[in-house]
Amino acid sequence: MDAAETTLPAGSSPASPSPGTRPAPRPEGHALSAAAIDRMAEDADFVTAFGRGIAVLLALSDKRRRMSIAQVSHQTGIPRATVRRSLHTLVRLGFVAVDEARRFYLRPRVLSFSHAYLSASPIVVLSQPILDRLGEMLREGCSLATLDDDEIVYLARSATSRVMSPFLNVGRRLPAYCTSIGRVMLAHLLPAELDRYLADLRPIPYTEHTTTDIGELRAILARVRETGFAYASQQMELRLCTLAVPVHDTSGQVVAGINVILQHRLVPMEEMSARFLVPLQQAALELGSALLP
């Protein structure tokens, strides 16, 4: 997990904030809007109906609760009649279920997509034993994530003796700008790609410490690229800090990031880098040396 990058699992209720703190907003996630699909539909080979079906599926995943046709339509901007047909199709295919109140929710069959990806992805398969050894050595939780559009997606986590938040699960998506792995990945984008990202970014202040100034964020990313690591403290949740390094494949391309997570306590960047930077870099080098471009 990254700098306080906890989000709630399905069926959970948000914990009460500590005195003097504000509850963190929930990330918007990876929903597709009707407007985005309409733009894609300008491509003659784009199947609009299929795109809308995927948008409906993602809407159910994004909210992590049962939703009515009207709620899915409101979230996606897709007309109710189209949402109804998409949900009917997904129910018939076994990916979605519906309760007596006509609220829709995901079925376990959707896990077939993630299982296929995780089973076939070399970086996931190769990283697990490396993360486990790293977590045991550091006695802290460690994770691997990669950049997907403007979010990071967690691909693996260490099995460590120290209690690690159950909110950090494989597949969890979090904003890149306020996570240490996200900053490592953003710092290594091509200049034009980074400019586009920052131009479109609308940062949310998850805590009073979250960096939301674009100029300050650009300076932070420049330092990350120069130093080779990213430190994030209380960016999404209080009393949580992380340190991350990039994973380069054998061609030198940054394909992921590895981090170490400290929960319920704050450690300055200097102390964290002194304790964890070299082991993190060694783990990243071991993993990267096994990854073909």
Side-chain angles (χ1 to χ4, degrees), residues 1-9 12 15 18 21 24 118 121-147 152-174 176 178-185 187 206-207 209 223-224 227-248 254-291:
M1 182 162 55
D2 234 306
E5 19 198 273
T6 55
T7 51
L8 297 177
S12 298
S18 302
T21 66
L118 294 174
S121 175
I123 192 170
V124 174
V125 174
L126 293 169
S127 67
Q128 193 60 62
I130 295 173
L131 284 177
D132 289 343
R133 290 197 302 270
L134 181 65
E136 283 297 322
M137 179 174 63
L138 301 182
R139 310 297 290 178
E140 304 287 355
C142 301
S143 298
L144 175 86
T146 192
L147 188 67
I152 60 168
V153 183
Y154 283 97
L155 303 179
R157 60 181 291 184
S158 65
T160 176
S161 59
R162 185 181 290 274
V163 175
M164 190 171 172
S165 173
F167 302 149
L168 174 62
N169 296 314
V170 171
R172 180 69 71 198
R173 303 174 68 96
L174 295 171
C178 54
T179 59
S180 62
I181 289 180
R183 290 177 177 181
V184 160
M185 300 293 294
Y206 292 95
T207 76
H209 304 284
R223 289 195 298 272
V224 170
T227 62
F229 69 89
Y231 169 80
S233 178
Q234 304 190 98
Q235 290 291 293
M236 289 192 68
E237 188 176 303
L238 298 178
R239 296 192 61 76
L240 231 156
C241 56
T242 64
L243 190 78
V245 299
V247 176
H248 299 259
V254 174
V255 294
I258 292 178
N259 74 352
V260 60
I261 308 110
L262 301 187
Q263 293 184 279
H264 311 305
R265 62 199 191 280
L266 298 178
V267 177
M269 180 180 68
E270 293 76 12
E271 182 179 343
M272 280 198 76
S273 59
R275 291 172 57 188
F276 303 126
L277 183 56
V278 171
L280 282 170
Q281 290 173 331
Q282 291 173 340
L285 181 61
E286 180 184 356
L287 176 58
S289 63
L291 296 174

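Owing to the predicted nature of the structure, the values given are computational and were not obtained by experimental measurement.
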query: Would Gln263 and Arg239 count as a side-chain contact (heavy atoms from CB on, under 4.5 Å) if you check the C-alpha gap in whole Å, the side-chain angles of each, and the deciding distance to 0.1 Å?
result: CA-CA 7 Å; Gln263 293 184 279; Arg239 296 192 61 76; over 6 Å; no
task: Output all residues satisfying side chain to side chain contact (heavy atoms under 4.5 Å, CB included) with Ala230, sequence neighbours left out; order by chain, then residue number.
output: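 Result, side chain to side chain contact (heavy atoms under 4.5 Å, CB included) vs Ala230: Ser180, Arg183, Val184, Val224.
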- request: Could I get the full list of side chain to side chain contact (heavy atoms under 4.5 Å, CB included) partners for Ala156, not counting sequence neighbours?
  value: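 Listed in chain order: Ser127, Gln128, Leu131, Leu144.
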message: Show, in sequence, the C-alpha distance, side-chain angles and deciding distance for Ile261 and Ser143, and conclude whether the side-chain contact (heavy atoms from CB on, under 4.5 Å) test is met.
response: CA-CA 8 Å; Ile261 308 110; Ser143 298; 3.7 Å; yes
Indicate the atoms forming the closest heavy-atom contact of [X] with [Y], along with that distance.
X      : Y      : result
Thr146 : Val255 : OG1-O, 2.7 Å
Leu266 : Ser233 : CD2-OG, 3.8 Å
Ala284 : Val245 : CB-CG2, 3.9 Å
Ile123 : Ala256 : CD1-CB, 3.6 Å
Gly257 : Met185 : N-SD, 4.0 Å
Leu243 : Ser273 : CD2-CA, 3.9 Å

Trace of the side-chain contact (heavy atoms from CB on, under 4.5 Å) decision for Met272 with Val260: CA-CA 9 Å; Met272 280 198 76; Val260 60; 4.0 Å; yes
Rounded to the nearest 0.5 Å, what separates atom [atom1] in [X] from atom [atom2] in [Y]?
X      : Y      : atom1 : atom2 : answer
Ser158 : Ile130 : OG    : CD1   : 12.5 Å
Leu285 : His248 : CG    : NE2   : 9.5 Å
Ile258 : Thr242 : CD1   : OG1   : 13.5 Å
His264 : Leu238 : NE2   : CG    : 12.0 Å

- prompt: Which pairs pass salt bridge (Lys or Arg N to Asp or Glu O under 4.0 Å) with one or both residues in residues 272-290, sequence neighbours excluded?
  reply: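 Only Arg133-Glu286, Glu271-Arg275 qualify under salt bridge (Lys or Arg N to Asp or Glu O under 4.0 Å).
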task: Determine, step by step, whether Leu262 and Phe276 satisfy the side-chain contact (heavy atoms from CB on, under 4.5 Å) criterion, reporting the C-alpha distance in whole Å, the side-chain angles of both residues, the deciding distance to 0.1 Å, and the verdict.
output: CA-CA 11 Å; Leu262 301 187; Phe276 303 126; 4.1 Å; yes
message: So does Gln234 get a backbone contact from the side chain of Thr207, meaning a donor-acceptor N/O pair under 3.5 Å?
response: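 Answer holds: yes.
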- prompt: Got a donor-acceptor contact below 3.5 angstrom from the Gln235 side chain to the His209 backbone?
  reply: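 At least one qualifying donor-acceptor pair exists.
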task: State, with a plain yes or no, whether a side-chain heavy atom of Phe229 is found less than 4.5 Å away from one of Met269.
output: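 Yes, at least one pair of side-chain atoms sits under 4.5 Å.
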